[in-house]
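Computed over heavy atoms, backbone and side chain alike; hydrogens, waters and symmetry mates excluded. Naming convention: chains lettered A, B, ... in sequence-line order (proteins, then strands); numbering from 1 in each chain.
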Amino acid sequence: MIQRDGILEMTETPTQLTVLKARDFASDQDVRWCPGCGDYAILNQVRKVVAKIGATKENSVFVSGIGCSSRFPYYMDTYGMHSIHGRAPAFASGIKMANPELDVWVITGDGDSLSIGGNHLIHILRRNFNVKILMFNNRIYGLTKGQYSPTSEEGKRTKSSPMGAIDMPLSPLSVALAAESSFVARAVDVDKNLGSVIERVAMHEGSALVEIYQDCNIFNHGAYSYATDKDTKEDSVVRLEHGKPLIFGKDRDKGIWLDGNRKPRVVELGHGIKEEDLLIHDEHDESLAFLLSRMSHPEFPEPMGVFYQIKDKCYEDLLQEQVDSAIEAKGEPNLEALLNAGETFEVKA
Amino acid sequence: MAASTPPSEVTTEPSSDVPIGSKPLQELGSAVIRFAGDSGDGMQLAGTQFTDTSALFGNDVATLPDFPSEIRAPVGTVAGVSGFQINFSAGDIHTPGDEVNALIAMNPAAFKAHVADVQAGGIVVVNESEFTKVNLRKAGYPEGYNPLDDDEFDQKIRLYKVPITRLNEEALADSEMNAKGIGRCRNMFALGLIYWLYQRPLDATISYLESYFGKKKKLPAVAEANIKTLKAGYYFGETTEMFTVKYHVAKAEVAPGVYRKIGGNEAMTLGLAAAAHLAKKTLIYCSYPITPATDVLHYLAAMRHFGIKTFQAEDEIAAMCSAIGVAFGGQLGVTGTSGPGLALKAEGLNLAMMMELPVIVINVQRGGPSTGLPTKTEQSDLLQAMYGRNGDSPLVLLAAQSPSDCFNTAIEAVRIALKYMVPVVILSDGYIGNGAEPWRIPDVKDLKPIEVKHAQAVEGKEFQAYVRDENLSRPWAIPGTPGLEHRLGGLEKDSLSGNVSYDDENHQVMTDLRRLKVEKIAQDIPDLEIHGDPEGGDLLLVGWGGTYGSILTAVDQARAADKSVSSIHLRHMNPLPSNLGSILKKFKKVLVPELNTGQFRMMLRDKFLVDARGLNKVAGKPFLVNEIMQAIDLMLEDKIGDRQFLTPRLHKVEMETQDLDLSNYMEQS
Ligand code: SF4
């Protein structure tokens, strides 16, 4: 059981509770990503967070599709399923219906979840299954050696787009918001805030999508250098904090201001613009979250952190409630009554 | 069905307020009637009511609903005709009947589409009011022609021209309903008339109308109007000079017990519910709507009170994968579909096979290929279910043989899946899925519990996810169990630990193990029983699935004519029963009737090197008994020669018509 809303739910008495460390969640399998791959940092953070929040190995399930990131479950000493390309959300939904008590995570990539699995992604989100989706977005197909993905920028030259990709990329977070996800966030693989974002999503109850900017060291190295290099980073990202103004820059001298048409603009503080004039982040404001999801480099600093969170009933619980109320109305299940329902007639010997 | 109780004692008389008739009564052993009309004419309801009444009365019944291919076909056209055929009998029957003894045609299109199926001298009741110029044109009759005035029909059939639309309007003249509402009651007038003709009680239909329209829909005026016109139809038969005789089909001699009428899709759901109960598991049915399997989802969605969960997935793939997720999570995961959906499920099914998880896939087959004939029946997904996945992917395949048999087949599928940790595909079809028959409700005490073992951690012993028991079954270790944490997936696994393995020899071993595990199940399924001569003879018919009734009936008729013909019918399609090979050797000739182009014949020839010939039909409908009879004769008389298979053309199986005249299908110069 994990800690939710500050209350520790336990199946055992406190004396039996063993505190697990991050390394206890490491399986005996060798991690086989390329040296320097951003996936390593994410794996470490996830192990740390599940240990920190008091998750158990037996109640944790990591489900993935196909792709570099989808190797993830093999490296967690929990239950796991390395399923089919794009289909992880469907497997996760089934697992949750079978046992709503499990902590179910989906590990996916931009190709896995937005291309072949786009349909499953939007439907698990809208249904609000309590499943946490970590999408490792490296804007490339790594496992198949470097083709453009649904998040590759227009004009991207790869082996399958030698003259430049003519596909319009999509924003995973805009998709998630349109799909009614109850939690939407973004982080960067090597950023210090990754752990806190993962911790937030772990505590959320409902469908959640976290986009993690992940460097594919081999096929798309440096795709996010603007957001990771010391020199450019603070000018290229804006960190979201609920109730706080959107301020960024090395010297924290820039901010995001909404003009009269509710269009975001980058402004410099001073010259008559004060902090309180800036856009104030509200995690519960859906249209604000969507606006933030449209801000992209280099025109804007890209928002990092929790874009959106609401509390809503989870699918698996609603389903169980329907079963419970039907049983309450009609009495304990009785096979004999079920088979004999409707019009029957007796033939006597 | 309505929830009201049936009359405690069913009599041959209609309900008490209808006068007892005085016309001569003719006793029949059985009768086949067909209701046909526009899809808006309520023919399915009339047919179902006639079936319910006959089943409650004590007849054996078999039905064949025939839905129009197009949902929105223009009113009054042949494409929009909906039919419902019922065979009801005082004896044991297994088919909806070859020839129609009485047809009720509610408009010219229905007459045109169905009159050819009526036996010589058979009854045809037409709704004369609808034989207008406009409707005749819509039905595609030539300008100025009305079949009701055609002497040709007068000689072939007994034609009764009843102005049903007008009589219904007159019966309901003082109803408060508008003209449209009144018009919609005319199927009940027709039903009342046919009830009189076959001397059926009205009670069951009256109580249905009261309960459905009166209580459920809160439309007491509609209930009242329908009941009124139902009775008016009955009286019309009794009082008019038109009908000179009425018929009676006595109760069937059947084993004692409590019965209900059941359709195949419904029986499937009860079987799944029973199996979940016997295995003490929660049934979670994950499905995407598809004809003709959708009713399985409907029935199960209405069984929340039995602890059943249903999940309408976003597509066929998600339905398959979520059912596998359910199995991984430790409950009973089931999905259902029809041919095109099975194609989409292949990927997930293959993963379930690889991960060795118990999951059930129901395929209610329909006419293929591609979108094919969604509302018609066929058995053409056998090879898809058997082989339609990448790599070597053996799994267990079962086929249900009749509507009520879907119940047993579902339980057997769950038993095998849970015992052997293997996906099981059930092949049903549109005919048995939508068809109905009386079903003797089993005593719950007679159903065997399904034992489920879940792995538990053993102190000091490392858990191995693929170590096998005596059944070659791997452990079902479910999340939530401490110490059994493991990862499954589609990559090849080490034969013991289950960790990813790219080792060449290991892949060979794992492929062998997956095959051997399925083959071993043959030791756990019943031997086939020969229907006919256990010691062998001239001809053996080998059938599977929904053709059971017509093959059985044909073989019985052939045997009654002293022909050396026997049959076997398979429920277990993979693995095959162990004694199949030795049975095949006992007969000089083998004929495999199938509603496809020879899929099981191919499997039989492959496995047993037997010179099996086929009777193959893909005309949207089940075999007529007579088609099989003709094929039997051609086989016995050695007329088939080197031909691999026979095809009925317009219900005739003749050597002369086997080859298509291809020039008919080419551009004419
Ligand atoms: S190909 Fe790219 S994403 Fe895949 S493991 Fe290597 S560096 Fe990581």
- Per-residue contact mode, Q29(A) against chain B (heavy atom under 4.5 angstrom): side chain
- Item | Among N334(A), D324(A), L338(A), the one residue meeting side-chain contact (heavy atoms from CB on, under 4.5 Å) with H305(B) | L338(A)
- Message: With heavy-atom distances below 4.5 Å as the criterion, would you say the side chains of L339(A) and P442(B) are in contact?
- Response: yes
- Query: Any idea which of G480(B), A323(B), G329(B) has the most non-hydrogen atom pairs under 4.5 angstrom with chain A?
  - Reply: G480(B)
- Item | Between Q322(A) and K309(B), a side-chain donor and acceptor under 3.5 Å | no
- Query: What distance do M81(A) atom CE and L488(B) atom CG have between them, rounded to the nearest 0.5 Å?
  - Reply: 6.0 Å
- For each of A274(B), C321(B), A477(B), tally heavy-atom pairs with chain A at distances under 4.5 Å, and name the one with the top tally. C321(B)
- Carboxylate-amine/guanidinium contact D77(A) R487(B), below 4.0 Å: yes
- Item | L270(B) side, atom CG; L335(A) side, atom CG - distance, nearest 0.5 Å | 8.5 Å
- Query: Under a 4.5 Å heavy-atom cut-off, does chain B meet the side chain of K348(A), its backbone, both or neither?
  - Reply: backbone
- Message: I'd like to check E343(A) versus L56(B) (side-chain heavy atoms, cut-off strictly below 4.5 Å). Are they in contact?
- Response: yes
- One should read off an interatomic distance between S27(A) OG and N499(B) CG, to the nearest 0.5 angstrom, of 8.0 Å
- Considering only heavy atoms from C-beta outward, does the side chain of H82(A) approach that of L491(B) to under 4.5 Å? yes
- Verify the ring-centre separation between F57(B) and F345(A): is it less than 6.0 angstrom? no
- Run the salt-bridge test on R127(A) and E314(B) with the 4.0 Å N-O cut-off and return the result as yes or no. yes
